[in-house]
Chemist: 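My questions will all concern the structure given below.
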Amino acid sequence: MQYRHEVKHEISPADKAALVARLRTVCQTDPHAGADGQYEISSLYFDNLYDKALREKVDGAAHREKFRIRYYNGDTSFMLLEKKVKDDDLGYKVSALITPEEVQKLLEGDLAWMPVSGRGLIIELYSKMKTELLRPKAIVDYTRTPFIYGPGNVRVTVDEN
């Protein structure tokens with residue numbers, strides 16, 4: 001598990017255009033991006049009855065975690081279950097592959113496969129679904145323009161839509 005600093009800023013469309021133009025001169029395009037330098041992200045977020053994960057995010061809680069299922073460019077043949085953890089200004093992510101069939105079962109409320117999946121993250125989500133009543137709550141789709149700057153291991157992403 002690799003900790004990283006993550007800082008988010010909201011910018012205007014004009015600032016976005018200027019930033020992307022400047023980043024293209026000094027950074028490499030992320031190899032996962034398409035010919036246009038972008039990719040689409042779709043995420044299904046889990047939360048409890050009281051929207052704990054959402055409230056902690058909005059309130060800026062120093063320690064928080066969230067679970068999501070994510071796929072890219074509309075391709076559901078490669079899906080990830082992810083747990084994102086934030087500790088003060090450092091964060092990390094843990095991921096596990098999950099099949100479209102497993103996602104469908106989960107959405108239908110069939111969780112019996114999860115504790116016997118042999119995948120720690122899926123078992124952890126199962127446990128939290130049982131004890132904290134986590135459920136699929138929100139779908140978020142957006143477009144990302146990602147850049148990589150090798151020296152310093154820097155990644156800059158510009159998200160929109």
Side-chain angles (χ1 to χ4, degrees), residues 1-9 23 27-49 51-58 60-61 63-150 153-161:
M1 156 176 26
Q2 182 180 11
Y3 282 89
R4 67 179 184 188
H5 291 275
E6 185 174 283
V7 181
K8 296 183 179 187
H9 300 280
L23 287 169
C27 295
Q28 296 175 326
T29 301
D30 184 308
H32 296 100
D36 61 356
Q38 300 180 323
Y39 52 81
E40 303 296 320
I41 297 175
S42 298
S43 300
L44 171 62
Y45 286 89
F46 290 77
D47 212 336
N48 70 11
L49 298 170
D51 295 328
K52 178 182 181 236
L54 175 61
R55 292 182 188 281
E56 288 176 345
K57 168 74 172 162
V58 170
H63 177 79
R64 60 185 185 265
E65 68 178 29
K66 62 185 173 187
F67 286 85
R68 67 186 177 206
I69 293 173
R70 179 169 273 192
Y71 62 94
Y72 301 90
N73 295 319
D75 180 7
T76 59
S77 69
F78 177 81
M79 301 175 88
L80 293 170
L81 171 64
E82 298 179 335
K83 178 176 86 167
K84 243 184 125 172
V85 178
K86 180 126 173 136
D87 283 313
D88 293 318
D89 64 341
L90 289 176
Y92 67 90
K93 184 169 49 176
V94 181
S95 302
L97 288 173
I98 187 167
T99 69
E101 295 78 20
E102 290 169 335
V103 172
Q104 187 62 42
K105 285 180 184 179
L106 192 154
L107 294 176
E108 292 170 353
D110 175 3
L111 310 181
W113 63 274
M114 296 176 76
V116 294
S117 68
R119 289 168 280 167
L121 189 58
I122 289 174
I123 295 167
E124 182 180 354
L125 175 60
Y126 171 81
S127 173
K128 292 191 184 244
M129 291 180 80
K130 289 298 189 180
T131 61
E132 298 177 21
L133 301 179
L134 287 187
R135 296 291 180 264
K137 287 286 277 246
I139 296 172
V140 178
D141 298 319
Y142 57 95
T143 303
R144 172 167 284 172
T145 306
F147 298 94
I148 297 171
Y149 183 69
N153 190 23
V154 175
R155 177 175 166 82
V156 177
T157 62
V158 180
D159 297 340
E160 60 188 317
N161 300 328

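Values in this document were obtained by computation on a predicted structure and should not be read as measured data. Hydrogens, waters and symmetry mates play no part in the numbers below; they use all other heavy atoms, side chains included. Numbers here simply count residues along the sequence, with the first being 1.
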Chemist: Not counting sequence neighbours, which residues clear side-chain hydrogen bond (donor to acceptor under 3.5 Å, both in side chains) with K84? List them please.
Modeler: E6
Chemist: Which value, rounded to the nearest 0.5 Å, describes the distance between D88 atom CG and Y3 atom OH?
Modeler: 10.5 Å
Chemist: Determine whether D89 and H5 make a side-chain contact, defined as any pair of heavy atoms from C-beta on separated by less than 4.5 Å.
Modeler: yes
Chemist: Would you give the length of the straight line joining atom CD1 of I148 to atom CG of D30, rounded to the nearest 0.5 angstrom?
Modeler: 4.0 Å
Chemist: Crowded around L90 CG? As in, over 12 foreign heavy atoms under 6.0 Å?
Modeler: yes
Chemist: Using the test side-chain hydrogen bond (donor to acceptor under 3.5 Å, both in side chains), find all partners of D51 that sit at least two apart in sequence or belong to another chain.
Modeler: K137
Chemist: Would you give the length of the straight line joining atom OH of Y72 to atom CG of L80, rounded to the nearest 0.5 angstrom?
Modeler: 6.0 Å
Chemist: With a 3.5 Å cut-off and sequence neighbours excluded, list the donor-acceptor pairs that the side chains of residues 106-124 form with protein atoms.
Modeler:
from : atom 1 : to   : atom 2 : distance (Å)
E108 : OE2    : Q104 : NE2    : 2.9
D110 : OD1    : A112 : N      : 3.3
W113 : NE1    : D110 : O      : 3.0
S117 : OG     : M114 : O      : 2.9
S117 : OG     : R119 : N      : 3.2
R119 : NH1    : L97  : O      : 2.7
R119 : NH1    : E102 : OE1    : 3.2
R119 : NH2    : E102 : OE1    : 3.4
R119 : NH2    : E102 : OE2    : 2.4
E124 : OE1    : K83  : NZ     : 3.3
E124 : OE2    : K83  : NZ     : 2.9

Chemist: side-chain hydrogen bond (donor to acceptor under 3.5 Å, both in side chains) with D87: which residues, sequence neighbours excluded?
Modeler: H63
Chemist: Using side-chain hydrogen bond (donor to acceptor under 3.5 Å, both in side chains) as the criterion, list what pairs up with S77, not counting sequence neighbours.
Modeler: D75
Chemist: Atom OH of residue position Y149 - does it have more than 12 heavy atoms of other residues, nucleotides or ligands inside 6.0 Å?
Modeler: no
Chemist: How long is the span from the CD atom in E56 to the CD atom in E65, to the nearest 0.5 Å?
Modeler: 8.5 Å
Chemist: So do M79 and V103 actually touch side chain to side chain, heavy atoms under 4.5 Å?
Modeler: yes
Chemist: Which pairs would a plain distance check flag for residues 37-47, meaning a side-chain donor or acceptor within less than 3.5 Å of a matching protein atom at least two apart in sequence or in another chain?
Modeler:
from : atom 1 : to   : atom 2 : distance (Å)
Q38  : NE2    : T145 : OG1    : 3.0
Q38  : NE2    : E160 : OE2    : 3.4
Y39  : OH     : R155 : NH2    : 2.9
E40  : OE1    : T143 : OG1    : 2.9
E40  : OE2    : T143 : OG1    : 2.9
S42  : OG     : D141 : OD1    : 2.8
S43  : OG     : R70  : NE     : 2.8
S43  : OG     : R70  : NH2    : 3.2
Y45  : OH     : R68  : NH1    : 3.3
D47  : OD1    : K52  : N      : 2.9
D47  : OD1    : A53  : N      : 2.8
D47  : OD2    : A53  : N      : 3.3
D47  : OD2    : L54  : N      : 3.0

Chemist: Roughly how far, to the nearest 0.5 Å, is CD of E101 from OG1 of T76?
Modeler: 9.0 Å
Chemist: Of all heavy-atom pairs between K93 and S95, which one has the smallest distance, and what is that distance?
Modeler: CG-OG, 4.1 Å
Chemist: Could you grab the distance from atom CD1 of I98 to atom CD1 of I69, nearest 0.5 Å is fine?
Modeler: 4.5 Å
